[in-house]
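Structure first, commentary second.
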Amino acid sequence: MPGRYAAFTFVDRITSFEPGIAARGSFHIPSDVGHFPASLLAEATGQLAAWSAMAKQDFRVRPVAGVAHETVYLGVPRPGDLLETEIRIDSCDDEVVSYQGIARIGGTTVLELHDVVGPMLPAGDFDDPEAMRGFLDVLLGGGATADRFRGVPVLPLAPIDRETGRCARARLDVPAAAPFFADHFPRRPVLPGTLLMDCLTRLAAGVVAEARPGGTAFVRRVSDVKLRAFTEPGATLELRATLESTENDTMIATLEARAEGQRRPVGGAHATFEVAR
Amino acid sequence: MAAEITKTDVDAIYGTVAKTIADALGCELDEVKRDASLIDDLGAESIDFLDLVFRLERAFKVKIPRGKIVEDARGDLPEAEFEQKGVVTEAGIARLRTFLAEVPADRIAAPLKTADIPRLFTAETFAKLVIRAQREQGAA
């Protein structure tokens with residue numbers, strides 16, 4: 001399948017591996033990709049944890065995005081960077097995995113992932129377990145061919161309404177087809193939670209920029225990420241970002257994504273922004 | 001036979017449990033009533049239970065195995081006597097009424113699907129879960 005283990009795979013090589021305990025891996029961001037959102041640092045770290053968890057559970061189940069209690073962004077990934085990821089699994093069984101993770105670039109920590117809790121679902125519903133087992137062998141051996149990743153599209157947000165410097169709503173029309181669906185996942189394509197979080201933080205960054213004109217807003221911390229439902233290709237979501245508190249140049253926004261007809265949000269989080277002058 | 005969990009035991013930790021539930025569900029603390037069903041009254045979903053159990057483990061420094069409430073409720077009753085074809089038996093319902101004494105008895109009524117047992121869980125159910133985990137950990 002075109003794009004398989006390339007379009008949305010952020011582990012090229014696994015250099016240290018204890019199933020269900022710990023792992024280290026790496027991913028080279030191709031020099032020619034234009035857009036590599038910071039949320040993909042969390043994706044890369046989470047994917048390494050997923051390999052460790054799936055191997056421990058013999059590929060019966062796989063983790064999907066659930067809860068990430070705290071994600072701290074300490075640096076910005078750039079095309080050409082070599083990303084080194086490291087995870088430690090706290091617990092793992094057929095129902096749930098919890099783990100911590102770190103991503104580094106050039107030896108400097110660029111991401112800390114604290115207390116991630118992912119539900120484990122039947123692996124065969126999402127992918128071919130044997131094919132996954134085979135690709136893990138590749139990662140553990142010489143590694144996959146470098147620079148397979150061709151980038152992800154910037155998903156456009158259609159403004160609905162806003163209160164300047166206070167909140168904004170926008171519509172996200174999830175594409176019916178996109179290369180990343182080939183990897184996420186072959187048997188059940190769904191919008192990656194990390195791309196949804198990128199859309200939400202982009203929306204919030206716009207509100208922060210209005211509240212602090214002249215500064216550059218960047219997300220420092222995302223807390224209490226919770227993804228409750230899968231979002232299918234072609235779905236429409238309403239995104240909302242509301243500034244809750246502002247203290248000097250640190251601002252906290254509540255992020256929420258809703259699908260029509262669903263009682264609870266599809267996903268939500270709190271994001272802390274810092275504004276550089 | 002495990003020592004009974006008294007109201008005093010529950011009261012001692014209830015405040016922290018209720019706050020943890022409010023944090024996990026993203027609701028106000030005063031919405032968390034002792035006998036409110038977390039699913040039916042507070043809109044909790046399965047991901048919220050995973051989150052909640054994780055937060056309780058952190059808050060109380062205990063380990064809570066998944067599925068622990070139903071497992072403990074069943075106790076020594078063989079699974080085939082507790083449920084048949086996904087429906088809780090009369091004996092199972094009697095067990096649940098004793099074990100989940102904090103849940104108003106009229107909510108535990110036949111026919112009850114095993115998949116619907118979590119709908120019964122209240123804030124106090126989780127307080128008792130923590131107390132049992134603390135006791136098991138203390139006894140280990």
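Reckoned from all heavy atoms, side chains included, excluding hydrogens, waters and symmetry mates.
- Taking every heavy atom of both residues into account, A/Arg264 and B/Ala44 meet most closely at NH1-N, 3.8 Å.
- For residues 223-234 of chain A, a heavy-atom distance under 4.5 Å to chain B picks out A/Asp224, A/Lys226, A/Leu227, A/Arg228, given by residue number.
- At a 4.5 Å heavy-atom cutoff, the contact between B/Asp48 and chain A is made by backbone and side-chain atoms alike.
- Every residue two or more places apart in sequence or in another chain was checked for a side chain to side chain donor-acceptor pair (under 3.5 Å) with A/Arg240, and none qualifies.
- Applying the 6.0 Å contact sphere to CZ of A/Arg171 captures no more than 12 heavy atoms from other residues, nucleotides or ligands.
- At a threshold of 4.5 Å between non-hydrogen side-chain atoms, the residues B/Lys63 and A/Ser91 count as touching.
- Within the 4.5 Å cutoff, the side chain of A/His69 has no heavy atoms near those of the B/Arg58 side chain.
- Sparse packing is recorded around CZ of A/Arg24, with 12 or fewer heavy atoms of other residues, nucleotides or ligands lying under 6.0 Å away.
- Counting only heavy atoms from C-beta outward, the side chains of B/Leu50 and A/Glu95 never approach each other to under 4.5 Å.
- Using a 4.5 Å heavy-atom cutoff, the side chains of B/Phe54 and A/Asp115 are in contact.
- When every heavy atom of B/Ile47 is checked against every heavy atom of A/Gly66, the shortest pair comes out as CD1-CA, 3.6 Å.
- In this structure, chain B has a heavy atom under 4.5 Å from the side chain of A/Asp90, while its backbone stays farther away.
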